[in-house]
Amino acid sequence: EAALNLHRLTHIYGVTVHRCQMMYDTPSSRKKALRSSIHLFLMSMLAFIIGFLMSYDAATMQDNTWDIDDVDGSITTLDTVINSAAAASEDDDDAPATTLELLGRIALRQRQLNNEIIREYGVFGKDIFNKINVEKIIQLSSLSQTKLLRKIMIKIVLSRIKNQGNEGAEGSAPVFQWVTVGDSSAAGHGNAYSQSYTSILQTTVSGIFQSAGIEFVASNRAGSTFSGMEVAFCTKEMFGADVDMLSWDFLPLDTNHFDPLSNSQGMDPLLFGERVGMTYYPQLPVLYFLGKATGVEIQQQLGALENRGVGFAMMTDALREVVLTVPNGYDKDGGGNLPPVASKFHCNGAIEGVEACDDLTQMYQCYSNEGVECKKVKYDVAKECVDPRYETPWNDGFKMHRLKGRLLGFHMIEMLRLAALELDLLELKQPHLRDSPLETLDILRNEEEVEGFLFSKTTATTSTKESSWDLLKLKKSTCLNAMSIYVLQNSDQRDEVLPIQLHPPQSSICEEFVPFQTAFFRTSYREQRIRLLEPVLEFNEGREVMYGVCLHASICDAGQCEVDPVPIEDTLITVDTVQMSVHGKLISELTRIGGCYFLGNEEGLIWKEEAGGESGITIRTSNTLFVSSFFALH
């Protein structure tokens, strides 16, 4: 209580001084104001001393101070707070009624988590997972942090509304949704699904968020076959309609990958931010750039995006510096005496046996001669599940995934703690809100909508690729994605459309890898009509539309067809090998842009809708091809 009061008094003191300056303008009033300020200052000092004696820092987990017991490592905490919070809420399914109770729950869970970290990483756990390192690795500006904290505050208030049984309360706990967007390395290929950093993030924070009455859901939607263009135009269909945080985690595949129209699998992070803002307006997700979104120019552009309402954070190269603090894999201590998640993490600077190189075929990530021993233990899956196609140098191994997931988890726990304190300050300024959670919810949501409105009414940030932006920046899109249709079919919400095929086939992989599957529309030599596009793309005579399709070649062996993730040569997909029509008119041109293909006619890439004609898209191929998405730009 003393700790929480100190936080409150500090805020009140600053506000009171400001009010004194504005209101008191007579000598006698100034003397009263001075006495009042001195009195409040002494109260603050007393609260500080009490808070210090009662381990204030540990109570609020400000410094992440670690004390290692004989067996377990624990964070030094205010035991009275923890015990009272635990006693007051034996059932964590109920949302905590007060900020003090929530802080107590967080402190209790944090102590348990720190014990796990010590068991996983040994004595190096407390050196790696401290507040200074986490803030160096995950950089978040104060403006973006405000946006993220507000999203968490909304979930806390929703959980209180549910717990109090207020009118309009939903039946289940509010969901805070994280979605991982990226390439094969981000997905975790080569590892078991449970070893991906998305899964580690989920297991790290779900219990703590649950103690706050919030269901934390981390979804792994990354994969090796998605292109940046497809991600841009099919965001909501691929990643869901209700998203709080989206990651961007792509390796650059060419030197021109910041061009929105680049054939690189990844995409311009700035364009990604613009498309996300357009898609999810007025609730703008916070973006976490975990890939190679570095450089002064791109950070300045993302800063302009932030000022328009889209918050973002970046994972920096400080991650590498932290890994190199672990003993060298060739040293006695680093070779085999450490726990598995830290042993042979790097060998003479080659993290997991990999170092940067100039070989595009290896995604600029090559195994090093210095890292042979680390390479041997990069992946840790059952022998019957090993697949050399996925155990590549550019895909992270289980150690790096676990470290990223834990660091992101520690970061999110700190954001939850700060959100609880911000909510307490809001209710302190307006005491009536403590008994009016619905009014608190309206205030927070209105703030979000104002930022969304600002984004929608301001001009998109331009880049050096003017032609790219002219084509893509303000286009509204409608998308038909095979993965989303597959999920709907399994939920008995859609009739069967084009045949759906999973990659890899379920029978060919271990059970623990099943979530890595991606669904595709399977083409054939017979003409197939995409009837589902008819109701989705509402007909409007005279409207100009651009149509695109994301096609992938395949390699068939013994009747099993696998998607080829290698970029396709243009000679494999032409108007001769892929016969398509739009509203009954044959296409005369396939233009590859950003990993997908735009459908053209004799007048170019623009199609005008006419009344009385056929509707929909047909496709017929002589080769075995897979289609991941169809999309239309209005």
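Residues satisfying the side chain to side chain donor-acceptor pair (under 3.5 Å) test with S199, not counting sequence neighbours, are S196. By the side chain to side chain contact (heavy atoms under 4.5 Å, CB included) test, E215 is found to be paired with V175, V217, residues two or more places apart in sequence or in another chain being considered. The side chain to side chain contact (heavy atoms under 4.5 Å, CB included) test applied to T203 returns no partner, not counting sequence neighbours. For S194, the side chain to side chain contact (heavy atoms under 4.5 Å, CB included) test picks out A192, with sequence neighbours left out. Scanning for side chain to side chain contact (heavy atoms under 4.5 Å, CB included) contacts around Q283 gives E448, E449, with sequence neighbours left out. By the salt bridge (Lys or Arg N to Asp or Glu O under 4.0 Å) test, R406 is found to be paired with E116, E120, residues two or more places apart in sequence or in another chain being considered. Residues forming a side chain to side chain donor-acceptor pair (under 3.5 Å) with T180 (at least two apart in sequence, or on another chain): W178, T198. Looking at residues two or more places apart in sequence or on another chain, you find a ring-ring contact (aromatic ring centres under 6.0 Å, His included) between H189 and Y390, F516. In this structure F216 satisfies the ring-ring contact (aromatic ring centres under 6.0 Å, His included) test together with F176, F209, sequence neighbours excluded. Take K399 and apply the salt bridge (Lys or Arg N to Asp or Glu O under 4.0 Å) test, not counting sequence neighbours, and it matches no residue. Under the rule for a salt bridge (Lys or Arg N to Asp or Glu O under 4.0 Å), the partners of K404 that lie at least two apart in sequence or sit in another chain are D396. Contacts of E451 classified as salt bridge (Lys or Arg N to Asp or Glu O under 4.0 Å), with partners at least two apart in sequence or in another chain: K147, R150.
Under 3.5 Å, the side chains of S144 and E306 contain a donor-acceptor pair of N or O atoms. With 3.5 Å as the limit, one finds a donor-acceptor pair spanning the side chains of N114 and Q110.
Within the cation-pi definition used here (under 6.0 Å to the ring centroid, within 45° of the axis), K236 qualifies as a partner of Y280. Judged by a 6.0 Å distance limit and a 45° cone about the ring axis, R308 is positioned over the six-membered ring of F455.
The two atoms that bring I137 and L319 nearest to each other are CG1-N, 3.8 Å, heavy atoms only. Nearest heavy-atom pair across T458 and L454 is OG1-O, 2.9 Å. Shortest non-hydrogen contact noted between A632 and V545 is CB-CG1, 3.7 Å. V627 and A482 get closest at one heavy-atom pair: O-CB, 4.0 Å.
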For Y288 and H411, what are the C-alpha separation, side-chain angles and deciding distance, and is it a ring pair (Phe, Tyr, Trp, His ring centres under 6.0 Å)? CA-CA 12 Å; Y288 270 52; H411 170 74; 5.6 Å; yes
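The CG atom of L408 sits 11.0 Å away from atom CD1 of I413, with the distance rounded to the nearest 0.5 Å.
For K378 (side chain) and I351 (main-chain N/O), no donor-acceptor pair under 3.5 Å exists by modelled atom type. Under the 3.5 Å distance criterion, the side-chain polar atoms of N191 are left unmatched by any main-chain donor or acceptor of Y193. Judged purely by atom type and a 3.5 angstrom limit, Q365 has no side-chain atom pairing as donor or acceptor with the backbone of A356. Checking side-chain atoms of E352 against main-chain N and O of M400 turns up a donor-acceptor pair under 3.5 Å. Side chain of T316 to backbone of A318: a donor-acceptor contact under 3.5 angstrom is found.
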